[in-house]
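Everything on this sheet refers to the single structure shown next.
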Number of protein chains: 2
Amino acid sequence: MPGPELLSSVQNAIRVMRQFSLDEPELGITELNERLGISKSSIYRVLQTLCAEHIIQQNPETKKYHLGLTAFEIGCVVYNDIQVCQVALPLLQKMHLKLPVVIQLVVYDRGTVIHLLKLPEKRETRTFNRMGKRVPANATAAGKVLLAYQSEKEIERLCSIGFKSFTPNTLTKPEVLLSELAAIKENGYAFSKEEFKVGMCALAVPVFDEITNQIVAAISVTGPKKILSPAQIQIYLREMKMYSRLISEQLDLE
Amino acid sequence: MPGPELLSSVQNAIRVMRQFSLDEPELGITELNERLGISKSSIYRVLQTLCAEHIIQQNPETKKYHLGLTAFEIGCVVYNDIQVCQVALPLLQKMHLKLPVVIQLVVYDRGTVIHLLKLPEKRETRTFNRMGKRVPANATAAGKVLLAYQSEKEIERLCSIGFKSFTPNTLTKPEVLLSELAAIKENGYAFSKEEFKVGMCALAVPVFDEITNQIVAAISVTGPKKILSPAQIQIYLREMKMYSRLISEQLDLE
DNA sequence: AAGGGTTTTTCGTATAGCGAAAAACGAAAA
DNA sequence: TTTTCGTTTTTCGCTATACGAAAAACCCTT
């Protein structure tokens, strides 16, 4: 395997783009140089090129750089491509009317999950933020559901890499995780009790594609410990499973 | 001004990324080669590089390429950066409860406007799609509002380039457009009667930053001709102006 | 006015990235 | 099956390109 040679300047450009995050939306050349170890001149040229296309924009005040509207535009194309978002949003909004808790839709991506949608605990609250956030699959209910239905090979691959821990409850031992995944497939849902954030619990169910039988996403409900009492859990699960089925039904209709 | 030299392979990569759209989410090497006039080998190498980072993914069935989750992830960072989205969404949702029509939030970008949010005519409908869509500023109500408050220089620049027409009603003549923009600043709102799509009308008001007094976005209400009767327009405007003010007030609080 | 921190620019060199063309692949037709 | 056509990959030299180091310009802060 020669591995087709990749374009190093494009790789640099991508590495630069990925440095920007919610926590650090603005970065200067020196910071990027330190973080990436790419020479300042290269960083500068990469930024110039990305700026010319408005993938990145420069703040004239601070001289620092941040992601621009073209990046947003491209990201939206992906979002609109992802069929399950389009189908799920109106349905989950309906569910949200009945159960005004934090409802999320997430997909699997190489050992992590990415948030596609997030409905807040109450209407009116600051809402769809954290869309696009990536979290590890082993530490969340939705992640575990998605993991449970991945191929053995993929699961093994992740086990061989190892898992990060976030709270004392995070599942990191492969043997523990594997039996948990088996149980999840058995029950059709996953529960996470403070495995990612202390004090927070979550419940998740899979969403399948009816034709291929592949898992395409997971729906999760998140909240503080007390919200998810055993009695409540049953109520939530009922709704979640129903909406999961509704989404599945609509998935291949178009 | 020598114009700092830009990285051609990065430029190629960007041009490739931008080819993907809602209408053509999947493209092959040959198609990209035809559209961009870049040699197939270069296209191939660019795609390989982007694939390695999951900016683009290859459909193993068709061998064609489409934008990937990393592109979504990056786009979301931008979205979450844009303060006005975060502030406006819950407020516009409230407005939407009172007025269940199509409500949009858009920003200006070099002669065009980009949709940040779109609330559908009714709850439950397929909703936030068309986020990220780019439309010309001269042909929509929101575009005209945003244009009205741009610098003279910018407006002149656009006039010198010229405007595209979409319907018989589209404003393309600079002198007509300029007097329209003056009227918009006078009235504090813009109206578009079938200037972009036949049968469709729209109403838009500006959203300002209270500190800088700069225009940061526009709120628009769109619908078929009959929805926007003169009497209705007054009702809509009242609400729109109120919510615009509410958004402004919250903008710099954080 | 001077200093430390930036961001830009310059410059020579090595190599990365280019295009043309050949090879491999794959689906559909014969 | 074999052939054909339209893809996508790979190969291969050459040249232009993108590289890093270091110098220059800039810009706040003191």
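Remember, it's a predicted structure, so these values are computed and weren't measured experimentally. Labels below follow one simple rule: chain letters A, B, ... track the order of the sequence lines, proteins then strands, and each chain is numbered from 1.
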Rounded to the Å, how far apart are [X] [atom1] and [N] [atom2]?
| X | N | atom1 | atom2 | answer |
| --- | --- | --- | --- | --- |
| A/Ile43 | D/dA21 | CD1 | P | 13 Å |
| A/Asn59 | C/dT6 | CG | C1' | 14 Å |
| A/Gln48 | D/dA18 | CD | C1' | 15 Å |
| B/Lys40 | C/dA22 | NZ | P | 14 Å |
| A/Leu47 | C/dT9 | CG | P | 13 Å |
| A/Leu6 | D/dA18 | CG | P | 16 Å |
| A/Gln11 | D/dT17 | CD | P | 20 Å |
| A/Glu34 | C/dT7 | CD | C1' | 14 Å |

The nucleotide from D/dT8, C/dT8, C/dC11 with an atom nearest the side chain of A/Tyr65 is C/dT8

Please confirm whether the shortest side-chain N or O distance from [X] to OP1 or OP2 of [N] is below 4.0 Å.
| X | N | answer |
| --- | --- | --- |
| B/Ser9 | D/dA18 | yes |
| B/Gln58 | D/dT9 | yes |
| A/Ser42 | D/dG20 | yes |

| message | Does any part of the side chain of A/Ile38, heavy atoms only, come nearer than 4.5 Å to the side chain of A/Leu32, both counted from C-beta? | response | no

- With the side chain counted from C-beta on, respond yes when B/Gln83 and B/Val216 share a heavy-atom pair under 4.5 Å apart, and no when they do not.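 B/Gln83 does not reach B/Val216 side chain to side chain.
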
Working to the nearest 0.5 Å, report the span between CD of A/Glu180 and CD of A/Glu186.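 Here the rounded value is 12.5 Å.
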
Ignoring hydrogens and angles, are the base of D/dA16 and the side chain of B/Ser8 linked by a donor-acceptor pair under 3.5 Å?
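Looking at the base of D/dA16, it does not pair with any donor or acceptor on the side chain of B/Ser8 (distance under 3.5 Å).
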
- Task: Can you check whether any acceptor in the base of D/dG20 is under 3.5 Å from a donor in the side chain of A/Ser41, or vice versa?
- Result: yes

Partner of D/dT17 under the Watson-Crick or G-U wobble criteria, both distances under 3.5 Å, comes out as C/dA14

Result for 5'-nearest mapping on DNA chain C, choosing between A/Arg45 and A/Lys64, is A/Lys64

Per nearest nucleotide of DNA chain C, the residue lying toward the 5' end, B/Lys63 or A/Ile29, is A/Ile29

Using a heavy-atom cut-off of 4.0 Å across all strands, would you classify A/Asn12 as base, sugar-phosphate, or nothing?
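If one applies the 4.0 Å heavy-atom cut-off, A/Asn12 turns out to touch the sugar-phosphate alone, with no base involved.
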
Is it true that, when you exclude B/Lys241 itself, more than 12 heavy atoms of the residues, nucleotides or ligands shown sit nearer than 6.0 Å to its NZ?
yes

**Prompt:** Are B/Arg157 and B/Glu154 ion-paired here, with the side-chain N under 4.0 Å from a carboxylate O?
**Reply:** yes

Toward the 5' end of DNA chain D, by each residue's nearest nucleotide, B/Thr30 or B/Leu7:
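Mapping each residue to its closest nucleotide by heavy atoms, the 5'-most match is B/Thr30.
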
